[in-house]
Amino acid sequence: MATDTDTRTFPPDQITFDVEGMTCASCALRIERILSRQEGVATAVVNYAGQEARVTTTPDVDVSGLIRAVEKIGYEISEKTPDMERVDIVERYSDEERYQRRNFIGAVLFTIPLILLAWLVPQSRTNGLLQWGLATIVEFVFGWQFHRVAAKRLRGFDANMDTLVSVGTLAAWGYSVWAFFAGQPLFFDTAGIIISLILLGRFFEARSKGRASSAIGKLLELGAKQARVVRNGTETLIPIEDITAGDLMIVKPGEKIPTDGVITDGRSSIDESMLTGESVPVDKAPGANVFGATINQQGNLIVRATRVGADTALSQIVALVEDAQASKAPVQKLADKIAGLFVPIVMGIALLTAVGWIIAGGGISKAVITGVAVLVVACPCALGLATPTAIMVGSGKGAELGVVFKGAEVFERSKNVDLVMFDKTGTLTHGLMELTDVITTEDENTFLRLAGSIEAASEHPIARAVALGAEEREVTLERPAQFVNHPGRGVQGTVDGHDVVVGRRALFADLGLDIDTSLLTKAADLEKDARTVFFVAWDGLTRGAIAVADTVRPTARDTIRNLKQMGTRVAMITGDNRTTADAIGRSLGIDDVVAEVMPGDKAARVEHYQSQGMTVAFIGDGINDAPALTQADLGMAIGTGTDIAIEAGDVILMSGDPALAGTAMSLARTTFRTIKQNLFWAFIYNTAMIPLAAAGIISPVLAAAAMASSSVSVVTNSLRLRRFRP
């Protein structure tokens, strides 16, 4: 049950279940089908690697009915509460690893003397009895998990990997019992070795899957465990889960900030690398937002808690990574279908193989051995692990680097991107304009006072830059008596009795204000240097111009070069005039520059490229650019801890550094390439091994070793993503 302090909830129409008893991809597909058929279920996705099911339902769904339907086919399923999920993520695979290690060690201790008796000691009735006893212990004690699950599947008229192992080893064991009385060669050692090797494979598989899912555990470990709060005038140390919104927290140098909040007193540098991936500390002052698990490096801070529990930036990152790991990539659907059909087909092939050898005169002994080899070698475990393990590692690595993928399909979609389109302001540039040039024949103080005062009344970042620039030049600004905003073109109003206009050339034309040719020439020269120019007029006469500039981020050029090396075109979209936009585009090496675009038209520009057959990735701030992010085939939203859960983006870039866009594209493509490698080798393995086993070229022992190694190799290949470097 969830505790009273648990604040995280699943989406209202989604239920998450913990599933026990899945041993291969065919199990996951079987459960998925059963759940999908139940009344009130819209969709069901079962993750074999994650051992869970996520079901989208109607509000009146009968949850107990879903549980009964799955239990009827032999699996254990229970609804997850948020606190249970967090514990399971950290502990599930370590428990499985310990369990399989114990079974493997026990099986080996009995299999080694079994091998010695079978291979080195002359055959006799006493020898046969000893082999029978040792093999029986291995088969029915340490290998009991295979028979137990196979029996459950049989009751539901189903079969899976355990069925193959159970039938195969029981056939070898049962034939040996008959052979003992008939005086024929024994194969007790075959049954023991197969069980031991497959248990070894399961041990390595559990260990590898634990490493693949370790990102969640690492993220959870980042959070503070206690908080120093002030209540009733007294400083108290409390557990992190007892913090409530509004609490005043004292954070000393070197301590982690307990939860998201706002600084009320103190200044410091905060290490936010766990959130954004950027190693440079961020200076913070009163009024600044801070985030849980980031580290206070310098002064004492008093922070008022604003977000706790599931609402914090860290919790939202964890939730998004969990969602990505639980989702299913389109490429996995084919693998699931094949795995679902594989087991019954393999059992038929094994039976035909045995019959064929008998007809060919190979005898019962040869028929049993080849049939067992086919059953054991054909397990589709590798197919089931190929996609989810790569997604687990890829999404976890992304979270470490400040990139959060919101679904498994993102990895597959990234490979088709032809064009990466950046919003300029705040993405390729810092987004912080500053006043750079003042051109006027009037008194500069008067000029800046009138222009700065009217701009100070606007909320636009450029207007604030003009007002700030005037104040930095020690100009006193006034409050306008009247104010009119012309979106995208400028502002006008009344200051000290003067009718003041500050804006673009188009606004001046609409208002009938003439601009001197020499001033237009100077403005054009400034625009060639990537400055944005606004003209200033009062009392019906144009008095001069002001220019502001936004500096390019240091990593922008390298990011664009790297993206072009990946084979994509790069475009920039901006509301700036054509001359300014082209100047920035040339300096960065951008292929296409789309200028003078109103905020509401960005989605249409994305659609224009799509209509030409291009697959478009759009990168923007996730708020003003939400329509374009939604329209794009791949939307990358740049956010901070306060807007991490932006719904418009498929990928969240946790800092404003454009280099993260290149990192996201590279990691997504590398992850999908790993998925394809895994699926290729899994398909090749099963395609090649079954005929070899049926032909008697591969013994059951080699078949068991090959089957175990195929699953481990797929997971190990996925683990290489942990070494990914941007």
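Just so you know, these numbers come straight off a predicted model, no measurement behind them. Because only heavy atoms are used, hydrogens play no part in the values below, and waters and symmetry mates are left out as well, while side chains stay in.
- The backbone N or O of F142 lies less than 3.5 Å from no partner atom in the side chain of R102, so there is not a single donor-acceptor pair.
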Identify all side-chain donor-acceptor contacts of residues 194-201 below 3.5 Å with residues at least two apart in sequence or on another chain.
from	atom 1	to	atom 2	distance (Å)
S196	OG	T111	OG1	2.9
S196	OG	G192	O	3.0

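- Between F181 and W132, a ring centre-to-centre spacing shorter than 6.0 Å is recorded.
- Here the side chains of F188 and E139 are not in contact, with every heavy-atom distance at 4.5 Å or above.
- For the residue pair Q100 / R207, no side-chain donor-acceptor distance below 3.5 Å is found, with atom types taken as modelled.
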- Message: Let's go through V61 and E39 carefully: what are the C-alpha distance in whole Å and the side-chain angles of both, what is the deciding distance for side-chain contact (heavy atoms from CB on, under 4.5 Å) to 0.1 Å, and is it a yes or a no?
- Response: CA-CA 7 Å; V61 68; E39 186 175 352; over 6 Å; no
- Query: Yes or no on side-chain contact (heavy atoms from CB on, under 4.5 Å) for M636 and L634, after CA distance, side-chain angles and deciding distance?
  - Reply: CA-CA 7 Å; M636 297 189 191; L634 187 64; 3.8 Å; yes
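- Checked by atom type and distance alone, the side chain of D189 never pairs as donor or acceptor with a backbone atom of A118 at under 3.5 Å.
- The closest donor-acceptor contact from the side chain of N127 to the backbone of P122 lies under 3.5 Å.
- Remark: side-chain polar atoms of D650 are paired, donor with acceptor, to backbone N or O of G635 under 3.5 angstrom.
- Contact check for I15 versus V63: side-chain heavy atoms found under the 4.5 Å cut-off.
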- Item | Derivation of the side-chain contact (heavy atoms from CB on, under 4.5 Å) call for F411 and S395 | CA-CA 9 Å; F411 300 103; S395 57; 4.3 Å; yes
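- No donor-acceptor pair closer than 3.5 Å links the side chain of R722 to the backbone N or O of K397.
- At a cut-off of 3.5 Å, with distance as the only test, no side-chain donor of E96 or Q51 sits close to an acceptor on the other residue.
- A side-chain donor-acceptor contact under 3.5 Å links S709 to the backbone of A705.
- Side-chain atoms of T671 and L721, non-hydrogen and from C-beta on, do get closer than 4.5 Å to each other.
- Looking only at distances, no side-chain donor or acceptor of D418 sits under 3.5 Å from a matching main-chain atom of M614.
- A side-chain donor-acceptor contact under 3.5 Å links N717 and Q677.
- Side chain to side chain, T387 and N678 fail the donor-acceptor criterion of an N or O pair below 3.5 Å.
- Checked by atom type and distance alone, the side chain of H147 never pairs as donor or acceptor with a backbone atom of D162 at under 3.5 Å.
- Under the 4.5 Å side-chain criterion, counting only non-hydrogen atoms from C-beta, R37 is not in contact with E32.
- Of the candidates R148, R68, K152, E76 forms a salt bridge (charged side-chain N to carboxylate O under 4.0 Å, His left out) with just one, namely K152.
- Side chain of Y685 to main chain of V377: a donor-acceptor pair is present (N/O by atom type, distance under 3.5 Å, no hydrogens or angles).
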- W681 and S713: side-chain contact (heavy atoms from CB on, under 4.5 Å), yes or no, with the steps? CA-CA 9 Å; W681 288 112; S713 64; over 6 Å; no
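- In this structure, the side chain of K406 does not engage the main chain of V651 through any donor-acceptor pair within 3.5 Å.
- Between the side chains of W173 and T136, a donor-acceptor pair is found at a separation under 3.5 Å.
- Annotation: K415, atom NZ; neighbour count of heavy atoms from other residues, nucleotides and ligands within 6.0 Å is above 12.
- A side chain to side chain donor-acceptor pair (under 3.5 Å) check over residues 365-376, counting only residues at least two apart or in different chains, returns nothing.
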